Protein chains: 2
Amino acid sequence: MGNSRVTVREIARLAGVSVATVSRVSNGTGQVSEEMRRRVLEAIEKYGYRPDHLGRALAARRHGALGLVFPGLSGPYFTELIQGFESEAVPARASVHILCTHLREDSDDQALEMARRVDGIAVVGGTITEPALLRLAELVPVVVLAGRGPETVPSVGVDNAPAMTMLTRHLLVDHGLRDLVFVGNPDGSPDVSQRWAGFQAAYRELDLAPPTEPLRLAMQQHDGVLATERLLGGGTPAPQAVVCANDELALGVLVGALGRGLRVPEDLVITGFDDAPMAALVSPPLTTVRQPVRELAAEAARLILNAVDAPGAAFDSVVLPTEFVVRRSCGCPAEPPTGGTGK
Amino acid sequence: MGNSRVTVREIARLAGVSVATVSRVSNGTGQVSEEMRRRVLEAIEKYGYRPDHLGRALAARRHGALGLVFPGLSGPYFTELIQGFESEAVPARASVHILCTHLREDSDDQALEMARRVDGIAVVGGTITEPALLRLAELVPVVVLAGRGPETVPSVGVDNAPAMTMLTRHLLVDHGLRDLVFVGNPDGSPDVSQRWAGFQAAYRELDLAPPTEPLRLAMQQHDGVLATERLLGGGTPAPQAVVCANDELALGVLVGALGRGLRVPEDLVITGFDDAPMAALVSPPLTTVRQPVRELAAEAARLILNAVDAPGAAFDSVVLPTEFVVRRSCGCPAEPPTGGTGK
DNA sequence: CGGTTAACAGAAACCGGTTTCAGGCACCAT
DNA sequence: ATGGTGCCTGAAACCGGTTTCTGTTAACCG
């Protein structure tokens, strides 16, 4: 297996030059005469020489790889994240290592282990402990993706709380609703934690007492279906509106609610967060908050790549803006461009 | 950055032994006296020595990494794939590199590039060209994931065609339907191609003329919504059943159909493939085919790891079984455990 | 024409490990 | 005493590159 067994020294011998010259030619560094360059390139071409990654990495003290650590892989959010990260890493000739911790006990150790194989790491907020994050940052450039880490570790995120406050305010003020329930686990991720805080803040702005407890569930579509069983299955009175921590949950709730014969938004208002592709396509279309997930991850990758190239240069945190997207599921009339009013 | 600057030679000096001994102790290879081992371990502990990955990899001619190449990252299918792969790689102390080709022009080159950074690669069927696959297999152990490659390259997949034939036969025979439309692009992936073939085969079994063209769409949920627009938007007469290439499409079609006021399965029958978590939770629950996606990827990882450990040992292709899951969306009565019949 | 300088090439050191190989030593059987 | 046998150990070679440092050569200048 492998014709790629041809090394610098062989090429050097075949071209009748020194290894230094071969290295210079293959890297385009230093001064090489036209004659030498031609001879070397000829040999490289002829024998199909490709410099070995490990040798090069060892000498250069650089792996040419970036790491991405996240808790689990569920739904469009994480796939967008990965793709955004990848889209920035690949052009920089950096390969992407992933680590999916599943919130295992040894997540911290595995992240530390990864640090020894890559040049920089993006960690999704809430995936590893804060001490581990700090130790990680001592080894390689680190950025926290979607969330905030310790002061010294830069992060890339969106303005979750204000966005959620705006959305909640819309329901409370413009639609006059009072009995809202928030679905999502604030302890699960910084994102959700901030959204929960923003949700409560909207109540306080109006001198209302906010709900004290969210409906704690994971973030997948089927958790949303589960939520409808809890909320609409009798027992407690049904809420007026379900404010979901992300679109997937909202879609699940929507499917569950429609499945029970409820009309949305007449009988139940539902909102999401993310503006996933499906949000605009379901009926009624979902009122949500658009966040630039892909761009978020791309920005993280860029920050890391910069930090790798220019060690020492402090790099700042970034907060990307969100956009409140009003559609039909909150009770607003159908948007003009969609045509047709109401149901 | 990094206290991890301590090397074998330093430890050797500090412990008053040779580097060979340090290497032997840290790897547990060869014979080392108790006294030496103690001294070395003490030094390792004291100075926090961790062998450098690159040095080790270079010397051992092994990267300690596995690659996973796929076209794009959409929906639960790919996330399950990644997690299954990862779950097998991590315990083997192999890191996971991913490459998301997006079907770019240079996919082949990028895959070959990856081959020089990992010990083995799993390629999702249809992601790179066949010649590239062959060249790849010359460099490292390769397995095709979900699909079949050239004879010489082993693959891991499921029995797509028979499963889809069984499902289609169920609609044709048990429900007496005739006007079915298949949604999915057979040119997009071997999986879909096989399912499309199985779909047509069911017609032929009954001496019926199968549809000649599928509705060619991508595989995401919103493509399913798109499908309803094409199929139910007037123009052509609506079909009796929509046979989707995967569950995501089916969920999209379901959402789209319900949004148009259709009753499922009374007005329109819908089926999926995969048995994603949501399939059982929507109403009506989705008739589909369960395939062990996670196990598929795990098996691929195992095959590769074995091939890496025992080079030369031929390794065979694997076909995992599927299971036909009958629920309500095909027109069958609600399952007993679910309780409640019909709507 | 002698001396300075710039351009270029190669020998050797280096990155951080693993592994081969030869030798030292203790122990045992002749 | 001698030779053989195992067990340990360390020097040195090796993995495949990059980079420093030294030296040669030719061009240029006064």
Side-chain angles (χ1 to χ4, degrees), chain A residues 1-41 43-44 47-65 93 113 115-119 139, chain B residues 1-41 43-44 47-65 93 113 115-119 139:
Chain A
M1 268 189 198
N3 48 3
S4 125
R5 311 255 50 153
V6 40
T7 72
V8 235
R9 305 186 210 265
E10 268 182 276
I11 293 295
R13 190 172 52 75
L14 293 164
V17 302
S18 74
V19 293
T21 301
V22 175
S23 177
R24 282 192 270 258
V25 169
S26 97
N27 286 328
T29 61
Q31 313 269 30
V32 182
S33 72
E34 213 34 64
E35 160 68 5
M36 288 285 138
R37 178 184 314 284
R38 195 188 50 68
R39 290 227 309 265
V40 172
L41 286 177
I44 286 181
Y47 298 93
Y49 166 72
R50 304 284 302 151
D52 180 272
H53 258 294
L54 289 172
R56 186 186 286 236
L58 179 59
R61 305 301 307 142
R62 173 187 291 216
H63 297 78
R93 311 192 59 71
E113 172 67 21
R116 314 187 49 255
R117 297 165 169 255
V118 298
D119 299 318
L139 300 172
Chain B
M1 269 187 198
N3 48 2
S4 123
R5 310 255 52 151
V6 40
T7 71
V8 236
R9 304 185 210 267
E10 268 181 276
I11 293 296
R13 190 173 52 75
L14 293 165
V17 302
S18 73
V19 294
T21 301
V22 175
S23 178
R24 283 191 270 259
V25 170
S26 97
N27 286 329
T29 62
Q31 313 268 33
V32 181
S33 71
E34 214 33 65
E35 160 67 5
M36 287 285 139
R37 177 182 317 282
R38 196 188 50 68
R39 290 228 307 265
V40 171
L41 286 177
I44 286 181
Y47 297 94
Y49 166 72
R50 304 286 300 154
D52 180 272
H53 258 294
L54 290 172
R56 184 185 288 232
L58 180 59
R61 306 299 310 139
R62 172 186 291 214
H63 297 78
R93 311 192 59 73
E113 172 67 21
R116 312 184 50 255
R117 296 164 169 255
V118 299
D119 299 319
L139 300 173

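Predicted model only: the values in this text are computed from it and were never measured. Chain naming here is simple, since letters A, B, ... match the order of the sequence lines and numbering starts at 1 in each. Side chains included, hydrogens not; waters and symmetry mates left out as well; all remaining heavy atoms used.
Rounded to the nearest 0.5 angstrom, B/His63 NE2 and B/Leu58 CG are separated by 9.0 Å. Between the CZ atom in B/Arg24 and the OG atom in B/Ser18 there is a gap of 6.0 Å [rounded to 0.5 Å]. Here the straight-line distance linking atom CG of B/Asp52 with atom CZ of A/Arg117 works out to 11.0 Å at 0.5 Å rounding.
Using a 4.0 Å cut-off, some side-chain N or O of B/Thr21 falls inside it from OP1 or OP2 of D/dG10. Look at B/Thr7 and you won't find any side-chain N or O under 4.0 angstrom from OP1 or OP2 of C/dG16. Residue B/Arg56 places at least one side-chain N or O under 4.0 Å from the OP1 or OP2 atom of C/dT18. Proximity of A/Tyr49 to the phosphate of D/dG16: no side-chain N or O atom is located under 4.0 Å from OP1 or OP2.
C/dG16 atom C1' lies 7 Å from atom CZ of A/Arg61, rounded to whole Å. Protein atom CD of B/Glu10 is 14 Å distant from nucleotide atom C1' of C/dG17, rounded to whole Å. In this structure, A/Ile11 places its CD1 atom 13 Å from P of D/dG16, rounding to the nearest Å. A straight line from CG of A/Asp52 to C1' of C/dG17 spans 14 Å, rounded to a whole angstrom. Taking atom CZ on B/Arg117 and atom C1' on D/dG16, their separation rounds to 15 Å, with Å as the unit. In this structure, CZ of A/Arg116 is placed 11 Å from C1' of C/dG16, rounded to the nearest angstrom. To the nearest angstrom, P of C/dG10 lies 15 Å from CZ of A/Arg9. Atom C1' of nucleotide C/dG17 and atom CD1 of B/Ile44 are separated by 13 Å, given to the nearest angstrom.
Recorded end-axis angle for the helix from C/dC1-D/dG30 to C/dT30-D/dA1 stands at 60°, based on five pairs per end and rounded to 10 degrees.
Counting non-hydrogen atoms under 4.0 angstrom, B/Leu58 reaches a base of the nucleic acid. Across all strands, A/Ala60 comes closer than 4.0 Å to no nucleic acid atom at all (heavy-atom distances).
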*asked:* Show, in sequence, the C-alpha distance, side-chain angles and deciding distance for A/Glu34 and A/Arg38, and conclude whether the salt bridge (charged side-chain N to carboxylate O under 4.0 Å, His left out) test is met.
replied: CA-CA 6 Å; A/Glu34 213 34 64; A/Arg38 195 188 50 68; over 6 Å; no

*Please assess B/Val32 against B/Thr21 for the test side-chain contact (heavy atoms from CB on, under 4.5 Å), listing each intermediate value before the final yes or no.*
CA-CA 7 Å; B/Val32 181; B/Thr21 301; 4.2 Å; yes

*Dump the intermediate steps for side-chain contact (heavy atoms from CB on, under 4.5 Å) on B/Glu113 and A/Arg50, then the final yes or no.*
CA-CA 10 Å; B/Glu113 172 67 21; A/Arg50 304 284 302 151; 4.3 Å; yes

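Closest heavy-atom contact between B/Ile44 and B/Ser26: CD1-CB, 4.3 Å. Taking every heavy atom of both residues into account, A/Ile11 and A/Tyr47 meet most closely at CD1-CB, 4.1 Å. Nearest approach of A/Ala15 to A/Arg39, heavy atoms of both residues: O-NE, 3.0 Å.
If you check residues 31-40 of chain B against DNA chain D, the residues with a heavy atom closer than 4.0 Å are B/Gln31, B/Val32, B/Ser33, B/Met36, listed by number.
Both B/Ala20 and B/Leu54 lie close to DNA chain C; mapped to their nearest nucleotides by heavy-atom distance, the more 5′-ward contact belongs to B/Leu54.
Below the 3.5 angstrom threshold, one finds a donor paired with an acceptor across the side chain of B/Arg24 and the base of D/dG10.
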